Amino acid sequence: MPELPEVEIVRQSLDKKIRGQIIKKVIVKNRNLRLKVPRNFEKNFKNQKIVKVDRFSKYLILYISNKTICIVHLGMSGTIHILENKNKNLITNTSFYHSLILPKKHNHIEIIFENFKIIYNDPRRFGFFEIIKNRQYLKKKFYKLGPEPLSSKFSTIYIYSFLNGKQKNIKNFLLDQNFVSGIGNIYASEILYLCKIKPEKMAKYLSKKDCQKISINSKKVLLRAIRKGGSSIKNFKNTSGKRGSFQNEFKVYQREGSNCKRKKCNGIIYRKTISNRSSFFCNLCQK
DNA sequence: AAGAGGCCCTGATAGC
DNA sequence: TGCTATCAGGGCCTCT
């Protein structure tokens, strides 16, 4: 569910809240996430300090004082909530993913600190928590993934040479984490709109200029989304104004049947299923 | 090797 | 009201 900007917003608020804090206890209520939560998971955290909350692509990386690393992936429906001790009903709303009311079901993991606890909620259970004992393994795990779209490695040359001769549409490539890591279904559509490239265009037909547009617009869209606090699609009940607002700026995503936002374009936004995922695009200005 | 498709899971919504 | 079908922001595995 969350793409790079949303995970980054969670990272920022989580780091602010738990960096330097000591974990009193961990409770796992359901181990059946996408990866089975291991038996020694709780023990690994007890009385340890959170050194830092980092991120690569859509993965959160928790550095623990005992030199282990906890990787968290939110999957499609994972959310993190912060529950303060003083007032059992108060949930700190530090990012768009935090609702003021804790969901009743699917609260799978609790990490308890002295004055508050963080709760991992995930109805679909596509997310996971993984403990990593050495950094070499972490490197190995991320090594096979493509560069982040925000990094300088995601350059015109990289894109052009990677896609050279590839018999697959560009939309699929933007979702392919081995090509570029962190873009998901919403931002893939938004990026291609800004590039004026239709999602079904075969990668091998992209010019260098197209690749340059992809490099530039990926950064542009994602950075703006981060500044706007990410995109909040689900309407949480009783959330404060701290939800993300990038959904208000979508040019194509979920705008099927609406007019193209480009001033001189009379196009209509279409939705088409490509490889089992929805793609949104303007029928006129994206070629 | 590259590319297509199925699958993991629950919940919200639309249509009959 | 209650059924069924479809869709949802991800990523892995298998088959060709």
Side-chain angles (χ1 to χ4, degrees), chain A residues 1-10 29-37 55-60 71-80 95-97 99 103-108 120-130 141-142 144-146 148-149 161-192 199-204 221-222 225-226 228-237 243-257 271-280:
Chain A
M1 130 187 204
E3 306 181 32
L4 189 152
E6 290 74 35
V7 178
E8 174 58 21
I9 296 300
V10 172
K29 294 181 173 170
N30 187 351
R31 291 183 190 278
N32 296 313
L33 303 183
R34 182 150 68 82
L35 300 178
K36 192 105 180 169
V37 179
R55 177 190 62 73
F56 178 80
S57 178
K58 303 173 194 173
Y59 301 83
L60 290 167
I71 298 181
V72 181
H73 197 291
L74 302 175
M76 290 276 260
S77 58
T79 52
I80 290 174
S95 93
F96 80 112
Y97 265 132
S99 74
K104 287 191 170 65
K105 293 169 74 176
H106 310 300
N107 294 318
H108 305 310
Y120 177 72
N121 181 282
D122 189 357
R124 293 176 75 179
R125 288 188 274 122
F126 287 168
F128 65 80
F129 283 61
E130 188 180 14
K141 189 178 170 74
F142 290 142
K144 60 180 176 186
L145 293 177
E148 289 203 301
S161 52
F162 193 102
L163 298 183
N164 181 36
K166 293 286 192 336
Q167 188 80 354
K168 193 166 72 166
N169 63 67
I170 182 59
K171 167 73 185 323
N172 270 349
F173 270 111
L174 290 182
L175 294 182
D176 181 350
Q177 305 298 299
N178 296 314
F179 167 57
V180 57
S181 191
I183 296 174
N185 204 38
I186 291 179
Y187 295 106
S189 281
E190 294 295 316
I191 289 164
L192 289 174
E200 285 172 294
K201 186 158 181 173
M202 280 293 147
K204 62 178 179 176
V221 170
L222 297 178
I226 292 171
K228 291 287 170 181
S231 307
S232 305
I233 302 255
K234 285 249 167 71
N235 242 334
F236 284 119
K237 285 172 187 168
R243 295 169 66 224
S245 65
F246 193 75
Q247 68 280 6
N248 301 325
E249 300 189 18
F250 288 162
K251 307 282 192 201
V252 287
Y253 188 77
Q254 286 188 340
R255 291 193 68 246
E256 185 180 13
R271 184 178 81 91
K272 186 168 183 184
T273 301
I274 301 174
S275 305
N276 274 326
R277 312 294 302 273
S278 287
S279 283
F280 297 85

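Residue numbers start from 1 in every chain, and the chains themselves are labelled A, B, ... in the order their sequence lines are given, proteins ahead of strands. Everything numeric here is computed off the predicted structure, so don't read it as measured data.
- In this structure, A:Ser231 does not reach the C:dG9 phosphate: none of its side-chain N or O atoms is under 4.0 Å from OP1 or OP2.
- The distance from atom CD1 of A:Ile71 to atom C1' of C:dG10 is 16 Å, rounded to the nearest whole Å.
- Using a distance-only test at 3.5 Å, with no hydrogens or angles considered, no donor-acceptor pair links the side chain of A:Lys228 to the main chain of A:Gln247.
- OP1 or OP2 of C:dG11 sits under 4.0 Å from a side-chain N or O of A:Lys58.
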Give the dot-bracket string for DNA chain C, reading 5' to 3', where a pair is Watson-Crick or G-U wobble with both distances under 3.5 Å, ( ) marks pairs inside the strand, [ ] marks pairs crossing earlier ones, | marks a partner on another strand, and . marks unpaired. .|||||||.|||||||
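- Classified by interplanar angle (parallel below 30°, tilted 30° to 60°, perpendicular above 60°), the ring pair A:Tyr59/A:His73 is perpendicular.
- Mapped onto DNA chain B by nearest heavy atom, A:Met202 and A:Arg34 fall at different nucleotides, with A:Met202 at the one closer to the 5' end.
- Whole-Å rounding puts the A:Leu35 CG to B:dC7 P distance at 20 Å.
- Using atom P as the reference point in both C:dC3 and B:dC9, the two lie 23 Å apart (nearest Å).
- For A:Arg125 and B:dT10, the shortest distance from a side-chain N or O to OP1 or OP2 is below 4.0 Å.
- Comparing C:dG9, B:dA4, C:dC12 by their closest approach to the side chain of A:Tyr59 singles out C:dC12.
- Atom CD in A:Glu3 sits about 9 Å away from atom P in C:dG11, given to the nearest Å.
- A donor and an acceptor atom never sit less than 3.5 Å apart when one is taken from the side chain of A:Arg277 and the other from the base of C:dA8.
- Residue A:Tyr187 has no polar side-chain atom (N or O) positioned under 4.0 Å from OP1 or OP2 of C:dG9.
- Using a 4.0 Å heavy-atom criterion, one finds that A:Ser278 contacts the sugar-phosphate atoms exclusively.
- Between the CD1 atom of A:Ile274 and the C1' atom of B:dG5 there is a distance of 15 Å, rounded to whole Å.
- Counting heavy-atom neighbours within 6.0 Å of A:Lys272 NZ, excluding the residue itself, gives a total of 12 or less.
- Residue A:His106 places at least one side-chain N or O closer than 4.0 Å to OP1 or OP2 of B:dG11.
- The shortest heavy-atom contact between A:Val37 and A:Asn30 is CG2-O, 4.5 Å.
- In this entry the distance linking CG of A:Leu145 with C1' of C:dG10 reads 12 Å, nearest Å.
- Using atom P as the reference point in both C:dG9 and B:dG3, the two lie 23 Å apart (nearest Å).
- Here the side chains of A:Asp176 and A:Lys168 are in contact, with some heavy-atom distance below 4.5 Å.
- Across all their heavy atoms, A:Leu4 and A:Lys58 have their closest contact at N-CG, 4.1 Å.
- Listed nucleotides: B:dA4, C:dG11, C:dG10. Nearest to the side chain of A:Gln177: C:dG11.
- By the 5.5 angstrom centroid cut-off and the 30-degree plane limit, A:Phe126 is classified as not stacked against the base of C:dG11.
- Contact between the side-chain N/O atoms of A:Arg124 and the OP1/OP2 oxygens of C:dG9 is not found at any separation under 4.0 Å.
- Side-chain nitrogen and oxygen atoms of A:His73 include none within less than 4.0 Å of the OP1 or OP2 phosphate oxygen of C:dG10.
- Residue A:Lys105 has a polar side-chain atom (N or O) positioned under 4.0 Å from OP1 or OP2 of B:dG11.
- The CG atom of A:Leu60 sits 15 Å away from the P atom of C:dG10 (whole-angstrom rounding).
- Aromatic ring orientation, A:Phe56 versus A:Phe142: tilted (interplanar angle from 30° to 60°).
- A perpendicular orientation is assigned to the rings of A:Phe129 and A:Tyr120, their planes being inclined by more than 60° (bins at 30° and 60°).
- Spacing between B:dA1 and C:dG11 at atom P, rounded to whole Å, works out to 23 Å.
- Using a 4.0 Å heavy-atom criterion, one finds that A:Phe246 contacts no nucleic acid atom at all.
- In the set C:dG11, C:dG9, B:dG6, the nucleotide with an atom closest to the side chain of A:Asn276 is B:dG6.
- Spacing between atom CG of A:Asn121 and atom P of B:dT10 amounts to 13 Å, rounded to whole angstrom units.
- Taking the six-membered ring where the residue is Trp, A:Phe280 and A:Tyr253 present perpendicular rings, their angle passing 60° and hence far from 30°.
- For the pair A:Glu249 CD and C:dG9 P, the interatomic distance rounds to 20 Å; values are reported in whole Å.
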